[in-house]
Amino acid sequence: MVNQTSFLHGKSILAKDVVLSVSGLSKRFGNVVALRNVDLELRSNEIHVLLGENGAGKTTLANIIYGIYRPDSGVIKFFGKEVDIRSPKDAISYGIVLVQQYPMLIERMTVAENLALGFKGLGLLTSPKNIIRVIREVNEKYGISVDPEALVSSLSFSEKQQVELIRALLLNVKLLILDEPTTMLTSYERRKLFTILKKLVSDGRSILLITHKVLEALEVSDWITVLRRGEVVASRPKDMYSVDELVKLVVGDNSELGSVISPSKGGELGGDVLEVKDLVVLNDVGGVAVNKVSISVRGGEIVGIAGVTGNGQKELSEAIAGLRKVRSGRILINGVDVTNKGPSSRFRAGLAYIPEERLKYGVVGDMSVAENLILKDYDRFSKFTLLKLSDAVKVADECIKAFNIVTRGPSEKVKALSGGNIQKLIIARELRLNPKVVVAHNPTLGLDLRSTSIVHEYLLNIKYSGSGVLLISEDLDEVIKLSDRVLVMYRGGIVYEGVRGFSREVLERAMLGIVDV
Amino acid sequence: MFRVKVLRRYDVSSRFKLITYLTSFIVGIAFFVLFEALLGTNPYEVVDRLFIRPLTSYDDFRVSIRYTVPIGIIASGLLLVYRAGIYSIGAEGQMAVGAVFAAWAAYTLSLGSPTSVLVALSIGMLGGIIWGLLPAILKALLNVNEVLTTLMMNFIAYSLVDYLIYGPWRSPKSYGFPLTEPIPTAFTIPTYEGIPVINFLVLLTVVLFTYVVARMSKLGFQIRAYGLNPSAAYASGMSFFKVVLLSFIISSALAGLAGALQLLSIHQRLGPKSWSVTEGLGYTAIVAAWISRLEPLAVVPASLLMGALVNGGLAIKAVLGQSEGVVNLMNGMILLSIVAAEFFINYRLVVRLR
C-alpha cells in the first residue's frame with residue numbers, strides 16, 4: 001500500500017473537494033478474494049483512472065459503488081456523507097451512474113425513445129419534441145453528435161456509447177463510472193470520447209474510468225489508482241508515474257508476461273483451407289450486412305479482417321460458423337462445400353470457431369469445465385449412448401495444465417471462471433479437434449495483457465502448425481501485429497486489401513471508408 | 001406511509017435457494033389451509049386429511065400410491081423436456097390417449113396374460129407418442145410455442161375420450177352412464193391389497209431409466225446443453241431437431257404408459273370427468289417435476305408427496321363435501337408458490353417507512 005497522504009501536498013489537489021471516498025472495502029466471492037481493504041479517494045473535476053489487469057477487481061469495485069454487489073466490509077462516503085448503496089437505483093438517486101462496457105439500448109427504438117425510458121425529469125406525459133430538444137441541448141453543450149431521431153440499430157458502437165453518456169447527463173450525474181469504454185473504439189473515436197469526458201469534468205462532474213490500457217490511462221487521467229489482485233498498489237496524480245513504472249505496477253514482478261511476439265514469415269503456404277465466394281448475408285432486420293465478400297485463407301497464414309464494429313463482421317463470422325443463413329454465395333472449408341449446413345458439418349470439415357460472444361456461443365456457463373471441453377466431440381467420449389465423463393475429466397486435467405486454465409478443477413462451473421480463462425478453455429477445446437482453419441472473432445476482447453498475449457501465441461502456433469487463421473478483430477493493433485494479410489471491411493464489403501507492411505493510417509482511413517486510390 | 005421496493009438480488013447461495021423453495025412449498029399449503037379455514041373448515045382437520053393420513057394411515061396410503069405411480073412416471077418424462085428448456089404441459093392428453101390405445105388393445109386383441117399386458121402397455125405408449133408428436137414436430141421444425149400446442153392437444157384428447165364413451169364404445173350394460181365395458185381379465189394388472197405393486201415397480205424402473213438418460217447419456221448431455229444455453233449447444237453442432245423430438249417422444253411415451261397402467265390396473269374402463277383415467281394427474285405431475293428440481297431420483301419423494309396430496313384433496317372433497325375444484329385449487333396454489341420462490345430468489349422486497 002502506498003500512503004496516499006504523502007502526495008497531498010499540491011495546492012491544486014487540496015483545493016478540490018473529495019467526492020467519493022472508499023475505505024477498507026473488502027469483497028469475497030466464495031474462496032476468492034476480489035477486493036482486499038481497498039481505499040480510494042476521488043475528487044471533483046477529476047478523471048480518475050482505475051487501472052489493472054482483468055481479475056484485478058476493477059469491475060467488482062465499480063459494481064459495489066454502483067450497488068450491484070454489497071461489500072463484505074468497508075465504508076463508502078459520497079460528498080462526505082456515509083452512504084449505503086443497495087442497488088443501481090439507489091446509486092442513480094445519489095447521482096452515480098455506471099456506463100457498462102456494452103451499451104444497453106433497445107435497438108428498434110430511436111435514441112430519444114430510449115432516453116425517455118426511465119427518465120423522470122419531464123413528467124409522465126411529455127411530447128417527444130421536449131426530449132428531443134433536451135437531447136439537442138446536451139449535444140451542443142458537450143460536443144456530442146448523435147441524432148435523437150435516429151434508430152439505435154443504425155448507430156455505430158461509439159454513437160451508442162454516447163447515447164449512454166447523454167442518459168447519464170439527463171440523470172444529472174455527479175459521478176460517472178465508465179467500464180472499459182474504449183475496447184471497441186477506433187483511435188479517432190477514442191480521442192473524441194476523451195474530449196467529451198474532459199468537458200464533463202470541467203463542468204464540475206467526476207469520472208471514474210476503468211481500463212487495463214496503461215497508455216490510455218496516462219492519456220486521459222488526472223489521477224491513477226492501480227489495482228492488482230484486489231489490492232490498491234498505487235494511487236497518485238498521473239504526473240507522478242512513468243510508463244515503465246506503471247506497467248510494472250499493473251503486472252507485478254512477473255517476467256513471464258514477456259516478450260512481444262514478432263510474427264516471422266512462417267513456413268510454406270498450403271492450399272486454401274477456407275474459401276468464401278461472393279457471400280451475401282443478411283442482418284437480423286433483413287438488411288444486407290455482408291455484400292458479395294470473397295475471402296480465401298491458406299494453410300500457414302493469418303488473414304486479418306479489420307473494421308469498425310457493425311460493418312458486417314459479426315454476420316460474416318456467424319455465416320462461416322454456420323450460425324446464420326447465407327443469402328447467396330458459397331463457403332468451402334478445406335475443399336468441402338458447407339454453405340447453409342449446420343455447425344457440426346463445419347467442424348467435421350476442419351473448422352474451429354472462437355466466437356466473439358463467448359458466453360453465448362462458446363460455452364454453457366452452468367456446465368462444468370470438463371463438459372464444456374467436450375461440448376463438440378462428446379461422441380468420442382461415449383460408448384453406445386452413454387457418456388464416459390471420467391475420460392472427459394482426464395482430458396480436462398490435461399487441457400487445464402497445457403493451457404494454464406485457472407480453475408478449481410474439471411468439475412467447476414464455467415461461469416465461475418474469468419473471461420481470460422474461459423477463452424483459454426474455448427481455444428483448448430477447438431485446438432483439440434486439430435482444425436484446418438480457425439475463425440477467431442475478437443478473440444481478446446475484454447482480456448487482460450497476459451491473457452491477450454497467450455491467445456496471440458496460440459493463434460501464431462496454429463499458423464506455424466500449417467493451419468490457417470481468419471482473425472476478425474476490431475482491435476486494429478491486434479490485426480496489424482498478427483496478420484500476414486489484412487482485409488478491411490466497411491459497410492459489408494471489403495474496401496482494402498494489403499499484405500504485411502501495411503501502414504496503420506491507411507488501414508484506419510479504410511476503416512472509415514476512405515480509400516486512397 | 002411506507003412503500004415497497006423491488007430490488008434485484010445478486011449473489012444467491014444454493015442453500016438460500018433450497019430454503020426458499022421449501023418455505024414457498026409450505027406457504028402454498030398454508031394458503032390452501034387458510035382458504036379452507038375461511039370456508040369454515042377446521043384447519044387441523046384439513047391438515048390431517050390432506051397430509052398426515054394419506055402418508056401415515058395404511059388404508060389411505062394404499063390409495064395415495066395409486067396416484068403416486070402415474071404422477072412419478074409422467075414427472076420423470078417431463079423433467080427431460082423441462083431440462084431441455086421445453087415447457088410441455090401436454091402430459092394429461094398423452095396420458096388419456098395412452099389409456100384409449102391400451103383400451104383398444106384390450107377390446108380387440110385376444111391374447112393371454114402376461115403378453116396381453118405388455119402389448120397393451122406398448123400400444124398405450126405408442127398412443128402417447130402419437131399425441132406428443134405433433135407439438136414436437138411443430139416445435140422442432142418451426143419453433144412453434146409448445147405451451148399452446150400441448151395445451152390444445154389436451155382438449156382434443158378429452159374430446160376423443162368423450163366421443164368414444166358417449167358413442168361407439170359405450171357399454172350397453174352401464175345403465176345409460178357414459179362408460180365403456182370393463183376390459184377382459186387377461187389384460188388387467190393385479191394389485192396386492194389394493195396396492196398397485198407392479199405399477200410401483202414400473203415407476204422405479206422408469207426413474208432409473210430417466211436417471212441414466214438425464215445424467216449419464218449423450219442425449220442427456222445434449223438436452224442439458226440446450227436447456228442451459230441453446231445458442232452454444234447449436235454452435236457446438238448439437239441437433240435441435242433431435243433433442244426436441246427425442247425428449248418429447250420419451251416424455252409422451254411415459255405419459256402414455258402411465259395412462260395405460262392406470263387403465264389396466266385401477267380403472268379397467270374409460271369414463272367421463274371424475275371417473276376418467278387421467279383424473280388431472282397429467283397436470284399434477286408438472287408440479288411434481290418442478291418440486292423434484294428436475295432431478296430424476298428426487299421424483300420418487302416428490303411424487304409420493306403429490307400422490308398423498310391428491311388423495312388428501314379427494315378426502316377433503318368427500319368428507320367435507322367440497323367441490324371437485326379443491327384439488328386443482330391446491331395444485332395451483334403449490335405451483336404458484338414455487339413460481340413465487342423463483343421471484344424471491346432473484347429479487348428482494350424492501351419496505352421503507354416514509
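Because the structure is predicted, anything quoted here is derived from the model rather than measured. By convention in this document, chain letters (A, B, ...) are assigned in the order of the sequence lines, proteins followed by strands, and residues within each chain are numbered from 1.
Heavy atoms closer than 4.5 Å to chain B are found in the backbone of A:F384, but not in its side chain. For chain B, the nearby parts of A:E371 are the backbone and the side chain; heavy atoms of each come within less than 4.5 Å. Neither the backbone nor the side chain of B:R215 comes within less than 4.5 Å of any heavy atom of chain A. Contacts of A:V364 with chain B are made by both backbone and side-chain atoms, with heavy-atom separations under 4.5 Å. Only the side chain of A:D90 comes within less than 4.5 Å of a heavy atom of chain B; its backbone N, CA, C and O stay farther away. Heavy atoms closer than 4.5 Å to chain B are found in the side chain of A:F347, but not in its backbone. Heavy atoms of A:L389 lying under 4.5 Å from chain B are absent altogether.
Using modelled atom types, one finds no donor on one side chain facing an acceptor on the other under 3.5 Å when comparing B:E146 with B:S88. Donor-acceptor pairing under 3.5 Å is recorded for the side chains of A:S418 and A:N421.
In terms of non-hydrogen atom pairs under 4.5 Å with chain A, the most contact-rich of B:G220, B:S236, B:P230, B:A225 is B:S236. Ranked by heavy-atom pairs shorter than 4.5 Å toward chain B, the options A:S344, A:P343, A:S382, A:G365 are led by A:P343.
Residues B:K139 and B:T149 are not in side-chain contact: their nearest non-hydrogen atoms beyond the backbone lie 4.5 Å or more apart. For the pair B:L80 and B:F248, the minimum side-chain heavy-atom distance is 4.5 Å or more. Counting heavy atoms from C-beta on, the side chains of B:M95 and B:P70 come closer than 4.5 Å.
Both tests pass for B:R293 against the ring of B:Y21: distance under 6.0 Å to the centre and angle within 45° of the axis.
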